[in-house]
Structures are given as structure tokens and as C-alpha cells.
Amino acid sequence: MQAKSILSVVALTTLIAGSPFAAGCKTTAEASVTEESVQAVPVAIEDPLTEEHDGGSVGWDFAPDGTVKAIVKAPDGKPIDKDVSGTLTWKGPNGDAQAPLALDAKTGLLVATGPKLEADLTEVKYNIIVSGKPWNGTLHVPSGGTKVIVEGARKAEKRPIPPGKTGPNGGVIQVVGDDTIEVVADKASGQVRVYVLDADLKPVPVGNRKIKLGFVGQGSELVVLTPGPGGLYCVGKVAAKVNPVKLTVVVAHPTHADVVLVGYRPGVHVVVGPSAPAVNVVVATAWNVDVRVNRAPGVVVVHDDDDDDDGRPVHIHVHGKHKHKHKHKHHPHHHHDH
């Protein structure tokens with residue numbers, strides 16, 4: 001199964017325009033402009049996390065102290081600084097906090113002030129109104145702000161995963177800091193697991209890592225994982241048993257935490273909305289017991305989750321109306337077609 005990218009590459013000219021290198025060297029004439037004229041020019045955000053909507057894009061800068069800046073652009077990359085406003089909603093343990101996004105006439109940016117980013121991931125919903133049309137989205141923001149996600153993506157770029165490569169359980173592979181992980185969820189139960197992989201992409205003990213996942217799809221949810229049996233993976237459960245369009249991962253170590261937005265690369269726009277492709281983490285697994293009736297009369301096939309049989313089916317034979325049963329497990333040298 002090939003994992004689809006959730007991102008859409010934008011034109012190189014747009015990337016350059018939004019980068020800190022766009023300014024270049026200033027001429028004497030440029031350096032002598034008045035303060036008033038400088039204030040009239042929209043200010044670029046350094047390292048924005050940009051989400052692409054049908055009518056344009058919005059680049060975000062969430063700071064750890066709760067201050068927020070956003071730049072709204074039209075599809076041609078030109079800033080929109082008229083007839084635009086919005087609202088941000090932070091989801092917290094003690095309830096939601098809301099703040100307006102107001103247009104700063106001097107910078108051309110939308111600005112807001114909300115609660116400090118203290119959790120490993122904070123869910124923030126936004127509603128921006130551009131010329132009467134709503135742009136809605138959800139972000140999972142780390143305690144260090146959106147710049148941490150950009151930094152995590154830069155680090156992941158140094159160890160690229162081969163295109164289309166999936167993990168040993170069929171999930172998505174992602175570099176997170178110095179770790180390589182696999183994220184995979186069972187489409188029947190919603191159980192989600194994160195495996196830590198070695199250089200050969202084989203699972204290794206999770207150790208003292210703590211992992212959280214932020215899912216965004218038709219809805220959004222934050223999932224805290226716990227150590228699985230034997231410590232070979234972390235496990236949790238998602239309510240929505242469908243592939244998300246965005247997946248944010250925190251891998252916390254005793255001394256630091258690494259954060260990534262799965263599949264994200266610096267300088268590209270994250271596609272959101274109905275046209276957004278999905279992250280393929282939801283697959284069929286053999287983790288849970290699945291009972292179905294075999295074609296042969298009096299035989300029920302139970303797919304067991306025992307660690308000692310690698311998910312091989314267990315046959316339970318029911319003899320007529322009698323309650324007597326016996327079962328046996330398949331072994332590699334036995335082959336049965338169902």
C-alpha cells in the first residue's frame with residue numbers, strides 16, 4: 001500500500017516571495033524609504049505553516065507565549081489585506097478559549113493573542129472570513145509554536161523515506177527527530193499503534209518515549225498513546241476509523257520532544273478542505289479477534305491475536321447440535337483456503 005502525500009507543491013515564485021531570502025540586498029534608494037511607506041507594505045512571516053484553501057492560503061505563526069500572526073493570500077500569491085477577519089478557538093483541559101483575529105493595518109497581517117502553548121499539542125480551530133466566504137481549519141500546535149513543526153520537517157528531510165515505502169505493518173513511515181516511526185491504525189477497531197523502527201525498518205523497543213497524535217479529518221481528535229505489551233509499540237484508539245488529512249506526531253523523550261506533521265516539507269502548502277488527500281494509516285490488521293462462518297458446515301473461523309501464532313486463524317469445529325467443541329491452530333506447513 002502506498003502512502004499518499006497530503007501536500008501540494010506551490011509555485012517556486014510563491015515560495016521565494018514568502019521566504020526570508022526574498023528581500024535580498026537593498027539599494028540605497030530602497031533603504032531611504034520613509035517609515036510611513038514601509039508600514040503600508042505587508043510584512044512577511046518567517047517560516048509560516050501555510051494551509052491551502054480553495055480561495056487562497058493562510059500562513060500561520062503561533063508563538064509559545066500565545067501571540068498569533070497570520071498572512072492571507074490570494075491564489076496568485078498576493079496578500080489579502082482588505083475585507084478579511086477571523087476567530088481562533090483554543091481547546092484546553094478547562095474549556096475552550098476564543099480570540100478574534102484582527103487585521104493590523106500597518107503590517108497587513110491578522111493578529112490575535114490567546115493562551116500560552118503549554119501542552120505537548122494544543123488543538124486550535126480557526127474560522128477566517130475572506131470577502132464573506134469562510135475558510136475553516138484545525139491545527140495541532142506544539143508548545144514551541146508552529147516554527148517547531150517547520151524545524152521538524154527540515155530535520156526529516158535529511159533522512160528521506162523512499163517514495164511509496166510503508167512500514168512492516170502497512171502503515172506510514174515518518175522521521176521524527178532522531179527516530180523513525182510507523183503509524184498504523186486498524187480499520188475495524190480504531191486501534192492505533194506507533195512503532196519505533198531501526199535502520200532496517202524493523203520494530204525496536206519504545207523505551208521511555210511518550211507519544212501523542214493529532215488527527216484532523218472530518219473531525220479532529222488528540223490521542224495519547226500508552227505502552228503496548230512487551231514495550232514494542234505504543235497504542236491508543238481513534239474514534240474516526242478513516243484516514244486523516246493531517247496527522248501531527250509528538251515523540252517526547254525525558255530531555256526533549258520532537259514534533260512533525262506527517263508528510264510535510266518546508267515551503268509547501270498543506271492542502272485542507274474537501275480536496276485534501278488523505279494520510280494512509282488505516283489498514284486491515286490481524287490485531288483483533290474477527291469471527292466469521294466458514295463455507296464448510298459446522299466450522300467457525302476465529303482470527304486470533306495471540307503473539308505466538310502471528311495472527312494465524314484458529315478453527316473451532318461444532319459437531320451438529322452438540323455443544324462439544326475442539327480447536328486447533330494452523331501452522332506454517334498447513335494450508336487452508338477460506
Heavy-atom check, side chain of Val235 versus side chain of Leu225, under 4.5 Å: no
NZ/NE/NH1/NH2 to OD/OE distance under 4.0 Å, Asp96 and Lys91: no
Any donor-acceptor pair under 3.5 Å from Asn169 side chain to Gly171 backbone: no
Distance in Å, Leu117 CG paired with Ser143 OG, rounded so as to fall on 0.5 Å steps: 7.5 Å
Distance (rounded to the nearest 0.5 Å) between Leu261 CG and Leu49 CG: 6.5 Å
Test: Asp178 and Arg159 ion pair at under 4.0 Å: no
Value rounded to 0.5 Å, distance of CG in Asp258 from CG in Asp179: 7.0 Å
Nearest heavy atoms of Asp54 and Ser275, plus distance in Å: OD1-OG, 3.9 Å
Test item: Pro142 and Ile149 side chains (from C-beta on) under 4.5 Å apart, heavy atoms: yes
Nearest-0.5 Å distance that lies between atom CG in Leu109 and atom CD1 in Ile45: 5.0 Å
Evaluation steps, side-chain contact (heavy atoms from CB on, under 4.5 Å), between Val242 and Val282: CA-CA 6 Å; Val242 295; Val282 180; 5.7 Å; no
Tyr233 vs Glu182, side-chain hydrogen bond (donor to acceptor under 3.5 Å, both in side chains): CA-CA, chis, key distance, verdict: CA-CA 10 Å; Tyr233 56 84; Glu182 177 191 19; over 6 Å; no
Pair Arg193 + Asp186, salt bridge at N-O below 4.0 Å: no
Note: Lys147-Glu46 ion pair, threshold 4.0 Å (strictly below): no
Side-chain donor or acceptor of Lys246 paired with backbone N/O of Thr138 under 3.5 Å: yes
Approximate separation, where rounding is to 0.5 Å, of Leu201 CG and Thr180 OG1: 7.0 Å
Nearest heavy-atom neighbours spanning Pro100 and Ala112: O-CB, 3.3 Å
Note, His53 side chain near Val72 side chain (heavy atom, < 4.5 Å): no
Atom of Val183, atom of Val249 and distance for their closest heavy-atom approach: CG2-CG2, 4.5 Å
Note, Lys212 side chain near Val223 side chain (heavy atom, < 4.5 Å): no
Atom of Asp120, atom of Val250 and distance for their closest heavy-atom approach: O-CG2, 3.9 Å
Close side-chain approach of Lys78 to Lys73, heavy-atom, < 4.5 Å: no
Whether Lys241 side chain and Ala188 backbone form a donor-acceptor pair below 3.5 Å: yes
Step-by-step side-chain contact (heavy atoms from CB on, under 4.5 Å) determination, Leu101 to Thr87: CA-CA 5 Å; Leu101 276 165; Thr87 304; over 6 Å; no
Heavy-atom donor-acceptor pair, Asp198 side chain to Lys202 backbone, under 3.5 Å: yes
Electrostatic pair Glu123:Lys125 at N-O distance under 4.0 angstrom: yes
Check: Asp61 and Pro48 side chains under 4.5 Å, non-hydrogen atoms: no
Atom of Trp90, atom of Ala99 and distance for their closest heavy-atom approach: CZ3-CB, 3.6 Å
Criterion side-chain contact (heavy atoms from CB on, under 4.5 Å) on Val238 and Glu221, from CA distance to verdict: CA-CA 8 Å; Val238 289; Glu221 53 187 309; 3.9 Å; yes
Aromatic plane relationship, Phe62 with Trp60 - under 30° parallel, 30 to 60° tilted, over 60° perpendicular: tilted
Shortest non-hydrogen separation from Ala153 to Arg265 and the atoms involved: CB-CA, 4.3 Å
Candidate pair Val130 and Ile80, rule side-chain contact (heavy atoms from CB on, under 4.5 Å), full reasoning: CA-CA 8 Å; Val130 183; Ile80 298 174; 4.0 Å; yes
Close side-chain approach of Lys155 to Val175, heavy-atom, < 4.5 Å: no
NZ on Lys69 to OG1 on Thr107, rounded to 0.5 Å: 8.0 Å
Close side-chain approach of Val272 to Glu52, heavy-atom, < 4.5 Å: no
